[in-house]
Amino acid sequence: MTASAPDMRVDRSTKATRIGLWAMLAVALLLAVAPWYAGAGVINRLTALCVYVLLAAMWNALAGYGGLVSIGQQMFFGLGAYATIRLSEAGVDPFVAVALAGLAVALLSWPVSLVMLRLRGGEFAIGMWVLASVSHLLVNLDPLIQGETGRSLVALNAYDTETRRLMVFWMALLAMLLVLGLLAALLRSRLGLAIQAIRDNEEAAGSLGVDAFRTKQVIFVLSAFGIGLAGAIWLASATSFQPKTYFSVQWTAYMIFMVLVGGIGRFEGAILGACLFFLIETWFAATGVWYLIGLGATAMVFSLYLPKGAWGAIGLRLLPFGYSVTQGNGDRT
Amino acid sequence: MQTATTPSGTIRATGIGKRFGALAVLDGIDFRMTTDEAVGIVGPNGAGKSTLMAVLSGALAPSAGRVELDGQDVTALGAPVRSARGLMRTHQIPKPFTGLTVFENVLVGAMHAGGHKGKAAHQAAFSALELSGMTPLANRQAESLGLLDRKRLELARALATGPKFLLLDEIGGGLTEAEAAELVAIIRGLRGRGIGIVWIEHIVHILLQVAGRLICMDAGRIIADGDPQAVMSDPQVVRAYLGGA
């Protein structure tokens with residue numbers, strides 16, 4: 001049955017991916033023990049970094065792997081924060097509420113996907129933005145939120161500042177690792193190949209037996225889950241919820257920036273993009289308007305000279321998502 | 001590949017009509033074949049050949065008529081389901097997954113319509129690559145392939161699904177004489193594997209090297225069907241091609 005190809009072998013991991021995985025694990029460990037060697041300010045910043053990585057990875061999953069460009073992902077960020085407030089007001093411990101909020105947003109995104117994924121290209125992108133604005137307005141109508149007055153996650157006051165800082169940081173780190181792990185597992189599976197096939201050519205994917213709609217739904221819901229979780233964690237770290245800061249399109253703009261600069265369609269690229277964004281913000285945010293001009297200029301330089309992003313220029317594969325074929329005497333073709 | 005052991009199947013299409021608004025592209029098409037056949041379809045531009053292919057493969061729903069695969073009505077089923085049941089189509093303009101390697105492209109077919117998992121999927125992909133002469137290019141990014149290789153990749157992807165029927169839409173178009181000959185050799189090789197072939201082609205002489213039966217379409221209808229030589233000399237066919245007279 002397989003007589004025609006007796007001497008071929010498939011490898012998923014290479015030397016680079018083995019080193020890459022170990023390096024990532026080491027970085028994760030280093031981050032986990034950060035509270036023992038870093039001050040309070042640094043911990044707060046690292047929490048932000050984890051949230052940025054989460055956001056970038058999720059937008060990249062949707063657009064870079066799934067070909068679904070959305071400019072309304074702030075919807076899930078805002079809803080994640082809002083769900084945390086609501087759950088906490090209902091008596092749930094605020095940290096448990098953060099985790100549940102991610103799940104709640106994922107649950108909600110399922111019916112949303114049934115409608116939105118029928119839209120194509122630009123219609124989908126704008127449709128998501130419209131939906132984000134509608135959810136913003138609906139949240140405004142909640143008497144608990146009272147328009148833009150907002151609400152604080154008051155239940156957090158039960159914990160002292162230091163405990164809170166550490167809890168939020170570890171939750172952010174855990175959420176980031178969990179969601180990155182989920183995405184990695186997805187990309188490695190047969191669904192991961194299907195998602196990329198749909199991105200490159202939906203009709204051809206369909207004629208090869210790929211159920212495009214279902215596959216897109218999976219990536220859409222995962223992306224909503226990660227971003228919802230990010231919104232919930234951001235709230236736990238900032239404590240006050242004001243709808244317009246959470247439902248702001250600026251969040252999606254940041255996601256797009258991080259992914260384009262880091263390298264769209266590359267898992268490592270989104271992470272690198274988040275780190276670059278984080279550094280730019282850390283060093284230049286205080287310069288106000290010049291910071292924003294700098295972000296815009298950086299985006300322009302990258303799209304003109306490095307359209308595949310920083311990681312695209314590096315071109316390394318640190319994660320075992322691909323398939324490399326070895327034939328006969330071990331020659332790589 | 002399991003194709004060699006697949007029991008023979010049938011395609012049967014009856015009364016197929018397809019309208020785009022006021023335009024009738026297909027009109028009362030009756031067509032049947034078994035996996036033992038290689039059927040060529042010719043006809044002038046606009047005769048409805050590619051539309052018939054799309055209706056048979058499930059990419060387009062017909063406005064009238066029904067399509068049966070192995071005696072089962074599949075008219076309401078889309079391309080993903082039909083391809084999983086062994087009805088595979090290649091596209092006139094190759095549609096490679098440019099972000100994936102050649103092997104990964106083929107693996108999509110093996111894993112989805114082919115229904116293979118793990119090592120079995122790898123083997124199905126290897127066999128398909130081997131059959132279509134793509135093995136040396138396994139690790140190449142599909143983006144970097146030339147036209148002949150893109151066409152061979154279309155074929156390899158289709159073969160990896162273990163098809164009963166292969167619907168080839170102008171797979172020879174745009175190739176040089178030598179390249180087309182290479183492709184003909186590959187397709188002839190498939191005949192011994194019990195795969196039924198439907199092949200639309202403008203270049204009639206390469207088609208005749210594979211097809212044991214020829215259908216000529218014109219203006220959405222089948223105007224001749226049978227032995228290739230007889231069809232090519234049929235007065236109606238000659239008129240459709242040369243016009244007037």
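Each chain gets a letter, A, B and so on, in the order its sequence line appears, and its residues count up from 1.
Each of B/Arg82, B/Lys117, B/Glu154, B/His91 has some count of heavy-atom pairs under 4.5 Å with chain A, and the biggest count is that of B/His91. Among the candidates B/Thr90, B/Val102, B/Thr98, B/Leu87, the residue making the largest number of heavy-atom pairs closer than 4.5 Å to chain A is B/Thr98.
Taken from CD in A/Gln196 to CG in B/Asn105, the straight-line distance is 10.5 Å, to the nearest 0.5 Å. The distance from atom CD1 of B/Ile93 to atom CD of A/Glu203, rounded to the nearest 0.5 Å, is 10.0 Å. Atoms CG and CZ, from B/Leu107 and A/Arg190 in turn, are 10.0 Å apart once rounded to the nearest 0.5 Å.
Contact annotation for B/Met88: only side-chain heavy atoms (C-beta onward) come within less than 4.5 Å of a heavy atom of chain A. Looking at B/Ser57, there are no atoms closer than 4.5 Å to chain A (heavy atoms on both sides), in backbone or side chain.
At least one side-chain heavy atom of A/Val10 sits under 4.5 Å from a side-chain heavy atom of B/Phe126.
With B/Phe97 as the partner, the side-chain contact (heavy atoms from CB on, under 4.5 Å) test is satisfied by one option alone out of A/Leu193, A/Ile198, A/Asn201: A/Asn201.
Under the rule for a ring-ring contact (aromatic ring centres under 6.0 Å, His included), A/Trp311 has no partner lying at least two apart in sequence or in another chain. Applying the side-chain contact (heavy atoms from CB on, under 4.5 Å) criterion to A/Ala56, with sequence neighbours excluded, gives A/Met258, A/Val259, A/Ala270, A/Ala274.
Taking non-hydrogen atoms and a 4.5 Å limit, the residue list of residues 206-219 of chain A in contact with chain B, ordered by number, reads A/Gly206, A/Ser207, A/Leu208, A/Gly209, A/Val210.
Under the 3.5 Å distance criterion, the side-chain polar atoms of B/Asn139 are matched with a main-chain donor or acceptor of A/Val325.
Counted within 6.0 Å of OH on A/Tyr305, heavy atoms from surrounding residues, nucleotides or ligands total 12 or fewer; the atom is thus considered open. For B/Arg32, the CZ atom sits in a loose shell: 12 or fewer heavy atoms of surrounding residues, nucleotides or ligands are nearer than 6.0 Å.
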Below 3.5 Å, can you tabulate the donor-acceptor pairs from side chains in residues 165-172 of chain B to any protein atom, sequence neighbours excluded?
residue: B/Asp169; atom: OD1; partner: B/Ser50; partner atom: OG; Å: 3.3
residue: B/Asp169; atom: OD2; partner: B/Ser50; partner atom: OG; Å: 3.1
residue: B/Glu170; atom: OE1; partner: B/Gln92; partner atom: NE2; Å: 3.4
residue: B/Glu170; atom: OE2; partner: B/His202; partner atom: NE2; Å: 3.4

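Using cut-offs of 30° and 60° for the angle between ring planes, the B/His122 and A/Tyr323 rings count as perpendicular.
Across all their heavy atoms, B/Gly99 and A/Arg199 have their closest contact at CA-NH2, 3.9 Å.
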